Protein chains: 2
Amino acid sequence: MEKKQDNLYVSTLARGLKILRAFDESHVSLSLTDLVARTGLEKSAVQRMAHTLHLEGMLERDPNTRRFHPSHAWLQLAYAYYWSDPVIASALPKLIEFSHANGETINLAQMSGDHIIYSLRLPNHRTHFASSIVGRRLPALNTAAGRVMLSTRSDAEISEACASWPVVQRTPKTLTDRAEIGNSIRAARQDGFCITRDQMLLNEISLSAPVKGTDGVAHTAVQISISAIAVNEDEVVEKFLRPLLDTTAGILG
Amino acid sequence: MEKKQDNLYVSTLARGLKILRAFDESHVSLSLTDLVARTGLEKSAVQRMAHTLHLEGMLERDPNTRRFHPSHAWLQLAYAYYWSDPVIASALPKLIEFSHANGETINLAQMSGDHIIYSLRLPNHRTHFASSIVGRRLPALNTAAGRVMLSTRSDAEISEACASWPVVQRTPKTLTDRAEIGNSIRAARQDGFCITRDQMLLNEISLSAPVKGTDGVAHTAVQISISAIAVNEDEVVEKFLRPLLDTTAGILG
DNA sequence: ACCTTAAGTATTAAATAATAATACATACAG
DNA sequence: CTGTATGTATTATTATTTAATACTTAAGGT
């Protein structure tokens with residue numbers, strides 16, 4: 001990624017982006033040397049890039065600790081994204097409707113390569129823990145939303161994905177057997193939904209339905225998260241599948 | 001901004017950022033020539049920057065129209081921001097609580113220079129219109145949240161802000177008289193809240209309370225939006241001020 | 001309080017890597 | 001089908017970035 005046979009490629013810009021991407025969920029504040037370590041860039045390169053990003057308002061700098069943080073500008077970019085994606089505008093009112101009618105946490109997920117990314121979330125009142133997951137990426141094969149979206153693709157694509165896409169063990173019960181994941185996806189194709197349990201979080205049931213485009217393929221899915229303490233999978237399907245499908249039906253993929 | 005007496009400033013990176021910032025609410029998809037027009041950069045500069053951003057996954061390119069769009073990476077940056085800001089984690093559960101108890105749209109706003117930026121929103125079921133406002137920036141003086149945050153600052157700062165910060169007329173009823181805005185801010189200091197009407201949107205009442213830090217100054221505020229069709233300002237204060245103050249009290253500024 | 005080490009900041013010569021000009025190709029419209 | 005506009009490709013030139021290093025400030029241990 002550093003050197004390409006491409007005379008339009010501006011490596012300086014790529015280096016600057018690398019700085020931005022060094023920040024994530026578990027790296028919320030980075031010093032100059034942290035950035036050097038995380039990006040693999042030269043010390044002086046990091047110095048110049050971070051300095052420029054700071055002047056341009058893309059990085060906050062704590063004058064005491066001299067550490068860098070993401071700035072509000074990062075939210076502004078998300079704002080631009082939201083307006084650029086017509087699915088968001090179509091989905092939001094439907095999700096609000098569902099959330100109020102059913103009182104459960106509901107998310108919009110989109111396919112992003114071999115991951116899903118959450119693009120909207122309406123948390124319910126039982127969501128005690130601070131859970132900003134908008135913008136979070138998860139391996140598609142590990143998630144109900146990813147599988148249900150995959151299930152709308154061709155057999156060849158499904159096989160290919162099951163064979164090569166990443167699978168990450170997040171809980172002791174995470175399904176890592178690729179054949180079984182394949183079965184789950186093919187079941188989802190039959191059922192029109194996918195339900196998982198304990199995959200990313202213990203005691204979490206996840207039910208997802210696809211938002212299909214005109215070609216029948218889904219790049220978007222709606223997903224709800226339910227605590228498995230009180231109910232089992234069958235009860236979740238029983239209770240929430242119908243309203244969930246009503247919700248997806250109202251969204252223009 | 002193009003040329004600085006600063007040998008650490010990497011202008012190439014700044015040019016690349018300019019491309020990203022060319023996208024907003026009303027510019028969701030830009031062609032190469034659009035980008036040239038909006039950024040003021042050379043055609044070939046835009047070509048190289050956009051190309052690089054595309055390869056780096058920061059810009060989507062429609063193969064048919066050859067237009068560029070924001071990519072999912074823009075959401076990912078927002079995700080990193082969320083985790084970097086401790087106020088978000090503190091505020092989110094409180095906002096959820098309020099939203100469920102009161103059923104009204106509630107937002108978190110933060111001061112960002114002379115603007116406010118919305119960093120969280122929980123829409124209510126009456127929010128028909130697609131309203132993703134997270135990341136939206138508005139002139140602080142025009143908003144209840146901005147005024148109530150300002151009201152926690154010194155008189156000197158308030159005067160300075162009233163004199164020099166931007167004021168934008170968004171509706172026929174938007175308050176543009178700077179003296180009156182000053183009065184509104186000083187009233188907010190006495191009251192501990194600020195209420196406005198018809199400022200950014202007609203028939204919208206906005207009630208906001210500050211989240212003060214240990215020094216008594218607020219960089220954050222909570223704000224609710226209520227339709228003025230059914231109720232008037234007094235009724236809004238009567239009904240929602242107490243729960244709103246309870247909410248802000250629970251947030252660590 | 002001092003010394004030692006690490007981290008951050010500033011400077012500069014060298015040359016790479018970005019630039020801008022322009023030519024070429026493709027799409028679009030009348 | 002022709003003309004115009006928009007997007008793509010190429011290249012010589014040099015301005016800009018680079019990397020090395022010196023300097024300064026902060027942090028940590030005894």
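Heavy-atom basis, side chains included; hydrogens, waters and symmetry copies ignored. Everything quoted here is computed from the prediction, not taken from an experiment. Chain letters run A, B, ... following the sequence lines, proteins first and then strands; every chain starts at 1.
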* Structure fact -> Per-nucleotide protein contact along nucleotides 19-30 of chain C, 5' to 3', at a 4.0 Å heavy-atom cut-off (B base, S sugar-phosphate only, - neither), is BBB----SS---
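Whole-Å rounding puts the A/L41 CG to D/dT18 P distance at 9 Å. Atom CZ in A/R61 sits roughly 17 Å away from atom P in C/dA7 (whole-Å rounding). Atom pair B/D34:CG and D/dT6:C1' shows a separation of 11 Å (rounding to whole Å applied). The distance from atom NE2 of A/H51 to atom P of C/dT11 is 12 Å, rounded to the nearest whole Å. B/L8 has its CG atom 10 Å from the P atom of C/dT9, to the nearest Å. Summarising the geometry, the separation between CG on A/L32 and C1' on D/dA26 is reported as 14 Å, rounded to the nearest angstrom. The CG-C1' distance, from B/L30 to D/dT6, rounds to 15 Å in whole Å.
Remark: A/T33 is not in phosphate contact with C/dA6, judged by side-chain N or O atoms under 4.0 Å from OP1 or OP2.
Using modelled atom types and a 3.5 Å distance limit, the side chains of B/H69 and A/Y81 yield no donor-acceptor pair. Between the side chains of B/T152 and B/R189, no donor N or O sits under 3.5 Å from an acceptor N or O.
Here B/W74 and A/Y82 keep their ring centres 6.0 angstrom or further from each other.
The shortest heavy-atom contact between A/Q76 and B/G135 is CG-O, 3.4 Å.
Here A/K94 contributes atom NZ and A/I251 contributes atom CD1; the two are 8.0 Å apart, rounded to the nearest 0.5 Å. Here the CZ-OG1 distance, from B/R66 to B/T33, works out to 12.0 Å after rounding to the nearest 0.5 Å. The line from CG of B/L32 to CZ of B/R61 is 9.0 Å long, rounded to the nearest 0.5 Å. The NE2 atom of B/H54 lies 8.5 Å from the CG atom of B/L59; values are rounded to the nearest 0.5 Å.
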* Under the side chain to side chain contact (heavy atoms under 4.5 Å, CB included) rule, what do A/V167 and A/I181 come out as? Steps first, then yes or no, please. => CA-CA 10 Å; A/V167 170; A/I181 291 173; 3.9 Å; yes
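Over its length, the helix from C/dA1-D/dT30 to C/dG30-D/dC1 turns its helix axis by 60°, as judged from the five terminal pairs at each end, rounded to 10°.
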